[in-house]
There are 2 protein chains.
Amino acid sequence: MPTPERTSYPAIIAAAREILEENGPAGLTMQAVATRVGVRAPSLYKRVKDRDALIAAVAEAVVDELTVRLENAGDDLASLALVYRAHAYAFPEGFRLMFTASAPLASLDRAAAPVIRAASALVGEAEALDAARLFTAWATGFLQMELSGAFRLGGDVNQAFDYGLRSIIAGLRRPSGAS
Amino acid sequence: MPTPERTSYPAIIAAAREILEENGPAGLTMQAVATRVGVRAPSLYKRVKDRDALIAAVAEAVVDELTVRLENAGDDLASLALVYRAHAYAFPEGFRLMFTASAPLASLDRAAAPVIRAASALVGEAEALDAARLFTAWATGFLQMELSGAFRLGGDVNQAFDYGLRSIIAGLRRPSGAS
DNA sequence: ACCTGAACACCGTTCAAGT
DNA sequence: ACCTGAACACCGTTCAAGT
């Protein structure tokens, strides 16, 4: 006699995301997730391979949500930068996961598409990939440093973000940036 | 009767660093460190508060070593970028720790000094901090993405690094980058 | 077919007892 | 004064037994 399903894969991922943002990576235990979805820990293994896979799925969910936001943003680098930053603020713990080893690299490729499009509009198709990597690396590094509290030497962090964004765009506009 | 010391704080940190690079964060257990320094796990707590403090100390050691390398490098951003990248390649796991929550922020401040000096030479003292943050954010993000295998869309990664470096310097040279 | 209690291995940490 | 075995709490994971 089939037992009715008492939870689901999406419910588990959503619960894990909440717990991660509330209690950090150390608080993201199988027990905590199971309790939140109303099940016992061993039952999770019916839908998730193990804790690493669960974490990877959470990272993928965060990236996929970012992708949607990027696709609905303005198609210039400045708009994408603001959306990216807002997403990092909204899910700081999830953001940290995005570029971790077990992260879902395929979903990152999808998130990259709008960035490459905006870069292409600025520097042309030949340089678009290099330019997108410059922009993404800067934004990712900046947000990670900002979220981890690494900006401790004074100064206005918002202004530093604007400065970086404007300098990068200015540098890309220069033909000397070509390969 | 005092028992002779069978290990030391530096030996513990060095062992932890080796284990981290060999086996990753999950392999960095108190047991593994204790075994490597020739002691039992409980003895580690005489010199280290707990595992988090041990990890933070490892991160600090990696940052301090980077600081020495930066201080001995050429005092322009291109030289600093190469040194930074070489350090990330040499200690990829340690590099990941540098901007983690429990990371040693004070030691990061010391590593920032040579970068700010090089930035100041390029854009002047007033913009030096903003420019240093642009450069550091880009380099950090780029290396993190490179080490995590996030560059999957083809293209030459070394060329992308050069392109990013040259574009940033070109953008900083422009007066329009000023605040 | 899914869920659970029980069990196992492993880890971080504490502490009384050794020297 | 440092080191250790023993113990505890906690966690990830497996699995036979339930429905």
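Note on naming: letters A, B, ... go to the chains in the order of the sequence lines (proteins, then strands), and numbering restarts at 1 for each one.
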Just by distance, do the side chain of [X] and the backbone of [Y] share a donor-acceptor pair under 3.5 Å?
{"X": "B:Glu21", "Y": "B:Glu93", "answer": "yes"}
{"X": "A:Thr67", "Y": "A:Val63", "answer": "yes"}
{"X": "A:Arg36", "Y": "A:Ala11", "answer": "no"}
{"X": "B:Glu71", "Y": "B:Pro114", "answer": "no"}

Length of the [atom1]-[atom2] vector between [X] and [N], whole Å:
{"X": "A:Arg47", "N": "C:dA1", "atom1": "CZ", "atom2": "P", "answer": "13 Å"}
{"X": "A:Glu5", "N": "C:dT4", "atom1": "CD", "atom2": "P", "answer": "13 Å"}
{"X": "A:Gln31", "N": "C:dA6", "atom1": "CD", "atom2": "P", "answer": "14 Å"}
{"X": "B:Arg6", "N": "D:dC3", "atom1": "CZ", "atom2": "P", "answer": "6 Å"}
{"X": "B:Leu44", "N": "D:dC3", "atom1": "CG", "atom2": "P", "answer": "9 Å"}
{"X": "B:Asp50", "N": "C:dT13", "atom1": "CG", "atom2": "C1'", "answer": "9 Å"}
{"X": "A:Arg51", "N": "C:dC10", "atom1": "CZ", "atom2": "P", "answer": "18 Å"}
{"X": "B:Lys46", "N": "C:dT13", "atom1": "NZ", "atom2": "C1'", "answer": "14 Å"}

What nucleotide among [options] has an atom nearest to a side-chain atom of [X]?
{"X": "B:Met30", "options": "C:dG12, C:dC3, C:dC15", "value": "C:dG12"}
{"X": "A:Arg40", "options": "C:dG5, D:dG12, C:dC2", "value": "C:dG5"}
{"X": "B:Tyr45", "options": "C:dT4, D:dC3, C:dT13", "value": "C:dT13"}

Inset, instruction - Counting Watson-Crick and G-U wobble pairs only, both distances under 3.5 Å, name the nucleotide matched with D:dT4, or none. - result: C:dA16
Inset, instruction - Go ahead and name the base partner of C:dC10; Watson-Crick or wobble counts if both distances stay under 3.5 Å, otherwise write none. - result: none
Inset, instruction - Establish whether the base of D:dC3 is bridged to the side chain of B:Thr3 by a donor-acceptor pair shorter than 3.5 Å. - result: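 Such a pair does not exist between side chain and base.
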Inset, instruction - May I ask you to verify whether the side chain of B:Ser43 and the base of D:dT4 hold a donor-acceptor pair under 3.5 Å? - result: no
Inset, instruction - Using a 4.0 Å heavy-atom cut-off across all strands, classify A:Ser8 as base, sugar-phosphate, or nothing. - result: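 Answer is nothing: A:Ser8 stays at 4.0 Å or more from every strand.
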Legend entry - Output field: ring centroids B:Phe151/B:Phe142 closer than 6.0 Å: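 Ring centroids of B:Phe151 and B:Phe142 are less than 6.0 Å from each other.
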